[in-house]
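Excluded from the calculations below are hydrogen atoms, water molecules and symmetry mates; all remaining heavy atoms, backbone and side chain alike, are included.
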Amino acid sequence: MQLEKFNNRNVLVIGGAGYIGSVLVGKLMQAGAKVRVLDHLIYDNGYSLQHYFDEPNFSFINDDFCDGKVLNSALDGMTDVVLLASLVGDPICKRYPELAVKVNRDATHHLIDSMAEKGTERFTFASTCSNYGIHEGDALATETSDLNPQSIYAETKIAVETYILENAAKLPYSPTILRFATAYGFSPRMRFDLTVSHFASELAVGGSLDVYDPDTWRPYCHVRDLSKAIMTVLAEDKANVSGEVFNVGDTGQQFTKRMIVDEALKHIGEREVSYVSGDTDPRNYRVSFDKVAKQIDFTCDYSVERYVPSLINAVQNGVFTPSRSGNRYGNYEIPESIAKVAAG
Ligand SMILES: NC(=O)c1ccc[n+]([C@@H]2O[C@H](COP(=O)([O-])OP(=O)(O)OC[C@H]3O[C@@H](n4cnc5c(N)ncnc54)[C@H](O)[C@@H]3O)[C@@H](O)[C@H]2O)c1
């Protein structure tokens, strides 16, 4: 990646206070970009950006990107826009379905239209490999495979992908869709509601663990690698990325839930684990990451095998006290005031 390409960039990161965003923002500024974050801090997660406030290239707007006026002024002067803000994950979308449709689909369609008037040059949309839903058989899912959403979350992401692809030829900017593998890794805004960190932290503190549908497969990717992928796209020739869909991850980093438990137990020893089959979460997909490697030369630097023992070490040394309630370490609930305003 040519980092000097970021020197004259003004990058708006919508959702920049989140798990992936708070890592990306630091990397963008390190590369020389000016970064503006628009984030409504819906999980009270402003702590994730505290250490950036005295950076000269950082600015922050705490507001809702569903609000057209807010969006219009946030877009002023921005060369690049990265959309990470969403209701992220199946459980939170299931709990707030109307808000999920409003934020993940309707407000995003409005953003796509608005950027056409604002001189934006590039747009990166964070989508998900969850769109493949159930993809069985030996063949890996590629960007052209059928999508098979199993949740409102994936349905809203697919609706936006379709809107982008249908309009790509007439948009005056370069749009790129990134289908991220499930994230893991250390971030200023940790999430322990995602499989690798959930399992490893729970086992590290000696808790019993229920694992649903243990033999279903998923690809995984470190937050730093996901951030690197976004920056690779922003630095790439437009001809290679405009109107393109890329799976983002590593073909060698795909595991069943049982394999992740086994990886954690290697570093911990015996624990009580209950395996429960029964289609609680039927998603099951293995994905090809060949296109992103071949077309834009993106490969991952991190692995689940390296992360798991380091997370166990951090948890066992009291660095985190993961909790399955509140929002400090996950996407569990949205304050009524925000849910109400945003649904308004
Ligand atoms: N984390 C994963 O495993 C994963 C996997 C695949 C794709 N993705 C995609 O990556 C993106 C980022 O994921 P994440 O894990 O960092 O999520 P996150 O929930 O940690 O962060 C999302 C951020 O968006 C903000 N936000 C939500 N609604 C908003 C609104 N209306 N206005 C302004 N800000 C708002 C939240 O306050 C939060 O800071 C999402 O689009 C997600 O769909 C994530």
Side-chain angles (χ1 to χ4, degrees), residues 14-15 18-21 42 65-66 82-109 111-112 123-137 139-166 175-184 191 193-196 198 212-213 216-221 223 226 229-230 244-249 253-257 278-289 291-292 330-332 334 342:
I14 309 177
Y19 182 44
I20 298 166
I42 67 172
F65 92 97
C66 301
V82 179
L83 179 65
L84 299 171
S86 261
L87 261 58
V88 181
D90 296 358
I92 195 91
C93 290
K94 194 170 171 190
R95 187 161 175 193
Y96 303 95
E98 287 172 10
L99 186 61
V101 169
K102 175 166 182 166
V103 175
N104 295 12
R105 189 192 67 190
D106 299 347
T108 305
H109 286 184
L111 167 68
I112 290 162
F123 172 54
T124 308
F125 173 62
S127 189
T128 171
C129 286
S130 276
N131 295 350
Y132 298 116
I134 301 173
H135 182 90
E136 281 163 347
L140 301 178
T142 69
E143 289 80 353
T144 54
S145 296
D146 287 344
L147 302 178
N148 189 4
Q150 300 295 309
S151 63
I152 295 172
Y153 174 56
E155 281 166 10
T156 57
K157 290 287 180 181
I158 292 170
V160 172
E161 288 193 4
T162 307
Y163 193 71
I164 292 172
L165 295 173
E166 281 174 0
T176 305
I177 294 163
L178 299 182
R179 288 186 190 145
F180 290 162
T182 301
Y184 67 88
R191 287 188 57 187
D193 56 344
L194 297 167
T195 310
V196 178
H198 170 200
Y212 296 94
D213 301 301
T216 51
W217 288 84
R218 221 79 57 81
Y220 294 91
C221 190
V223 283
L226 295 172
I230 293 169
E244 296 285 342
V245 181
F246 295 101
N247 295 330
V248 179
Q253 287 284 297
Q254 323 210 45
F255 306 99
T256 65
K257 293 181 191 172
D279 289 342
T280 306
D281 180 359
R283 284 177 299 164
N284 187 18
Y285 47 90
R286 272 182 290 172
V287 176
S288 165
F289 298 97
K291 179 178 173 185
V292 76
N331 293 356
Y332 298 112
I334 293 172

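- Annotation for Ile92 and Val88: closest pair CG2-O, 3.3 Å, computed over non-hydrogen atoms.
- Scanning both residues, Leu178 and Ile230, for their nearest heavy atoms gives CD1-CG1, 3.9 Å.
- Distance check: Ile152 CD1 to Arg95 CZ gives 13.5 Å after rounding to the nearest 0.5 Å.
- With hydrogens and angles ignored, the 3.5 Å screen pairs no side-chain donor or acceptor of Asn148 with any backbone N or O of Gly133.
- Nearest approach of Lys257 to Asp213, heavy atoms of both residues: CD-O, 3.8 Å.
- Counting all heavy atoms, side chain and backbone alike, Phe246 lies closest to Val292 at CD2-CA, 3.8 Å.
- Put simply, the side chain of Asp193 does not reach to within 4.5 Å of the side chain of His198, judged on heavy atoms.
- Taking both residues in full, the closest heavy atoms of Ile177 and Glu161 are given as CG2-OE2, 3.6 Å, listed atom of the first, atom of the second, then distance.
- Between atom CD of residue Glu143 and atom SG of residue Cys129 there is a gap of 8.5 Å, rounded to the nearest 0.5 Å.
- Annotation: side chain of Gln150 is not in contact with side chain of Tyr285 (no heavy-atom distance under 4.5 Å).
- Rounded to the nearest 0.5 angstrom, Gln253 CD and Arg218 CZ are separated by 15.0 Å.
- At least one side-chain heavy atom of Trp217 sits under 4.5 Å from a side-chain heavy atom of Asn284.
- Contact detail for Ile334 and Ile42: the closest heavy-atom pair is CD1-CD1, 4.1 Å.
- Using a 4.5 Å heavy-atom threshold, the side chains of Thr216 and Arg283 count as separate.
- Without hydrogens or angle criteria, Glu155 side chain to Pro149 main chain gives no donor-acceptor distance under 3.5 Å.
- Formation of a donor-acceptor pair under 3.5 Å by the Asn104 side chain with backbone atoms of Leu87 is found in this model.
- Residues Ile112 and Pro175 form no side-chain contact, since every pair of their non-hydrogen atoms from C-beta on lies 4.5 Å or further apart.
- Rounding to the nearest 0.5 Å places NZ of Lys102 at 15.0 Å from OG1 of Thr156.
- To the nearest 0.5 Å, atom CD1 of residue Ile134 and atom CG of residue Asp146 are 13.0 Å apart.
- Under the 4.5 Å side-chain criterion, counting only non-hydrogen atoms from C-beta, Ser145 is in contact with Thr142.
- Between the side chains of Asn247 and Tyr132, at least one donor N or O lies within less than 3.5 Å of an accepting N or O.
- None of Val223, Asn331, Leu226 except one satisfies the side-chain contact (heavy atoms from CB on, under 4.5 Å) rule with Tyr19; the exception is Val223.
- Counting only distance, with no hydrogens or angles, the side chain of Thr182 and the backbone of Cys221 share no donor-acceptor pair below 3.5 Å.
- Taking CZ of Phe65 as the reference point, atom OG1 of Thr108 lies at 4.0 Å (rounded to 0.5 Å).
- Looking only at side-chain heavy atoms (C-beta outward), Leu83 and Phe123 come within less than 4.5 Å of each other.
- Looking only at distances, a side-chain donor or acceptor of Lys157 sits under 3.5 Å from a matching main-chain atom of Ala126.
- A heavy-atom distance below 4.5 Å is not found between the side chains of Leu111 and Phe125.
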TODO: Tell me, with the steps shown, if Gln254 and Phe289 meet side chain to side chain contact (heavy atoms under 4.5 Å, CB included).
DONE: CA-CA 11 Å; Gln254 323 210 45; Phe289 298 97; 4.1 Å; yes
